Engineer: 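I am attaching a structure below and will ask some questions about it afterwards.
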There are 2 protein chains.
Amino acid sequence: MAAHELLRDHGVHVTAQRLAVLRAVSSRPHCTAENIVETAKDEIGTISRQSVYDTLNTFVEKGLVRRIQPTGSPALYEDRVGDNHHHLICRDCGRVVDVDCSVGAMPCLQAANDNGFEIDEAEVAYWGRCPECKTSTLEKTASNHNH
Amino acid sequence: MAAHELLRDHGVHVTAQRLAVLRAVSSRPHCTAENIVETAKDEIGTISRQSVYDTLNTFVEKGLVRRIQPTGSPALYEDRVGDNHHHLICRDCGRVVDVDCSVGAMPCLQAANDNGFEIDEAEVAYWGRCPECKTSTLEKTASNHNH
DNA sequence: GACGACTTTTTGACAGAGTCCAAGTTGAGC
DNA sequence: GCTCAACTTGGACTCTGTCAAAAAGTCGTC
C-alpha cells in the first residue's frame, strides 16, 4: 500500500510533512524524534520540530508507528507495528535490537493479575550489553593490567 | 538487615542523607525524585536536591533501588529489587502498580534470541487504564450524551 | 477549477526533569 | 585527628517535549 493511502485509510490528512515523517521512521529501525527531524528535512527541505512531534503523536495514536521509551533514553519510533516484538537494549551504548516474543504470539499481554486494569499493550525490554560493548570492556580490563 | 549495614555492605558511606533517601524510597511503592526530596526533608530537616539525585544514582548503580521510567512520567524509584516483578501503568493517570511475573520465577529473562547480548534484566510494562480511569471515562461519555 | 470549513504547520516561547559546575563546608572511617 | 568522600548552595545549562496564535494547506462540495 502506498504511503498516501496508508494515511488516508487511517483518517489523517495527507501532507508532505507527514509523508516525510513516515518515510523517516521507515528508514531506520529505531529513531528518535530528533533523527526524524533531520531525515525529514533532508527530504523536503524544511519541517518544524513541532510538526514532527505532532505527527508522531498522531501516528502513534492511529497505530501507524510504535513508540518505545527505554529508561534514560529519548523516545524511539519504529514502523514495525502489530507483531508484538520486543527489544534488546545495551546499557553501555544504548543500541536497540528487535527480538521476537519469547513466549509466542501475544501471550505476554496477559499479566498474572491485571488488578482491574484494561491492558492494551505489553512492552518488554531486555537490558544488557551488546557484543561490541562486552568486547571493549574486556579490552579495557586487559589494558588496565598493563599499568 | 539494618539500613546501616545494607549501605556498608554495598560499599557506600553511611550518612544521614543516604539513610533518609533509602527510607523515603521504602516508604511508598513508587516515588519520584521530588517525592523523595520532600519525604527526606520531613525526616532530617534539610537535604539538597543535588544530594538526592546523587544518592539515587549511587543506589541504582549499587543495586539497592530500582529505577523505572514510564513514558511521560518522571523516573520512579522502588526498593523492591531482585525479584523481577513487573508494572501495570495507567495511560490516563500514570498510576503504577506492581504485578508478579506472569511466566513464573525469572524465566522472562530469556529472550527467544539474545543476539549475542549479555542480558541481566527484563523490564516488562503493561500499559492500559486503571479501574478508576475506566469508570471516569464512562461517566464522561454518558454526560456527553446529555448535551 | 474555486470556495470555505476545518486541519496542519510554523514560530517562538515555555516547562519539566535532570545534569554539570565550582567552591566551600561537613562528616565518615581509618 | 587526618584524609578523602559526601553534602550544600545556587545558578547555568541541556535535552525532550508542549503550548499558543497566526499562517498555510487539505479536501469535500459547489
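Because the structure is a prediction, the values reported are computed rather than measured. So you know, we letter chains A, B, ... as the sequences are listed, proteins then strands, and number each from 1.
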Engineer: Touch check for A:T32, heavy atoms < 4.0 angstrom, all strands: base, sugar-phosphate only, or nothing?
Structural biologist: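 Result for A:T32 = nothing.
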Engineer: Given atom CD1 of A:I47 and atom P of C:dG12, what is their separation to the nearest angstrom?
Structural biologist: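 It works out to 16 Å between those atoms.
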Engineer: Side chains of B:T55 and B:T58: any donor to acceptor distance under 3.5 Å?
Structural biologist: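 No, because no side-chain N or O of B:T58 sits under 3.5 Å from a partner of the opposite role on B:T55.
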Engineer: Taking atom P of D:dA6 as reference, at what distance in whole Å does atom CG of B:L19 sit?
Structural biologist: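 Computing the B:L19:CG to D:dA6:P distance gives 14 Å.
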Engineer: What's the shortest heavy-atom distance between B:I89 and B:A125, and which atoms?
Structural biologist: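 What the structure gives for the nearest pair is CD1-CB, 3.9 Å.
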Engineer: Take atom CD of A:E5 and atom P of D:dT26, then tell me their distance rounded to the nearest Å.
Structural biologist: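 After rounding, the gap between these two atoms is 17 Å.
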Engineer: Looking at every strand, decide which applies to A:T15 at a 4.0 Å heavy-atom threshold: base, sugar-phosphate, or nothing.
Structural biologist: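 It contacts sugar-phosphate atoms only.
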Engineer: Under 4.0 Å, counting only non-hydrogen atoms across every strand here, what does B:T46 touch: a base, just sugar-phosphate, or nothing?
Structural biologist: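 Sugar-phosphate only.
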Engineer: Round to the nearest Å and state the distance from A:N35 atom CG to D:dG17 atom P.
Structural biologist: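 Value for this atom pair: 11 Å.
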Engineer: Side chain of B:H13: nearest nucleotide among D:dC7, C:dA28, C:dA17?
Structural biologist: C:dA28
Engineer: Indicate whether the side chain of A:H86 and that of A:D98 have a donor and an acceptor atom separated by less than 3.5 Å.
Structural biologist: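 Not at all, the side chains of A:H86 and A:D98 share no donor-acceptor pair under 3.5 Å.
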Engineer: Measure from the side chain of B:T55, starting at C-beta and using heavy atoms only, and say which of D:dC7, C:dT9, D:dT16 lies closest.
Structural biologist: D:dC7
Engineer: Check if the side chain of B:Q50 and the base of D:dC7 share a donor-acceptor pair of N or O atoms closer than 3.5 Å.
Structural biologist: no
Engineer: Is B:R8 close enough to C:dG29 that one of its side-chain N or O atoms is under 4.0 Å from OP1 or OP2 there?
Structural biologist: yes
Engineer: When you match A:Q17 and B:V12 each to their closest nucleotide on DNA chain C, which lands nearer the 5' end?
Structural biologist: A:Q17
Engineer: Expressed as a whole number of angstroms, how long is the span from A:N57:CG to C:dT7:C1'?
Structural biologist: 16 Å
Engineer: For A:E121, is there an ion pair with A:R66 - N to carboxylate O distance below 4.0 angstrom?
Structural biologist: yes
Engineer: How many Å lie between NZ on A:K41 and C1' on C:dT11, as a whole number?
Structural biologist: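 Result: 12 Å.
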Engineer: With a 4.0 Å cut-off on heavy atoms, is B:S48 in touch with a base, just the backbone sugar-phosphate, or nothing at all?
Structural biologist: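 Base contact.
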Engineer: Measuring from A:R91:CZ to A:W127:CH2, what's the distance to the nearest 0.5 Å?
Structural biologist: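 Between A:R91 CZ and A:W127 CH2, I get 6.5 Å after rounding to 0.5 Å.
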Engineer: Taking any heavy-atom pair under 4.0 Å as a contact, classify A:A16: base, sugar-phosphate, or nothing.
Structural biologist: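 Counting heavy atoms under 4.0 Å across all strands, no contact is made by A:A16.
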Engineer: Got a donor-acceptor pair under 3.5 Å from the side chain of A:R49 to the base of D:dG17?
Structural biologist: yes
Engineer: To the nearest angstrom, how far is A:D54 atom CG from D:dA20 atom P?
Structural biologist: 13 Å
Engineer: May I have the distance from B:Y53 (atom OH) to C:dG16 (atom P), rounded to whole angstrom?
Structural biologist: 13 Å
Engineer: Taking for each residue the nucleotide of DNA chain C bearing the nearest heavy atom, is the 5' side occupied by B:Q69 or by B:V14?
Structural biologist: B:Q69
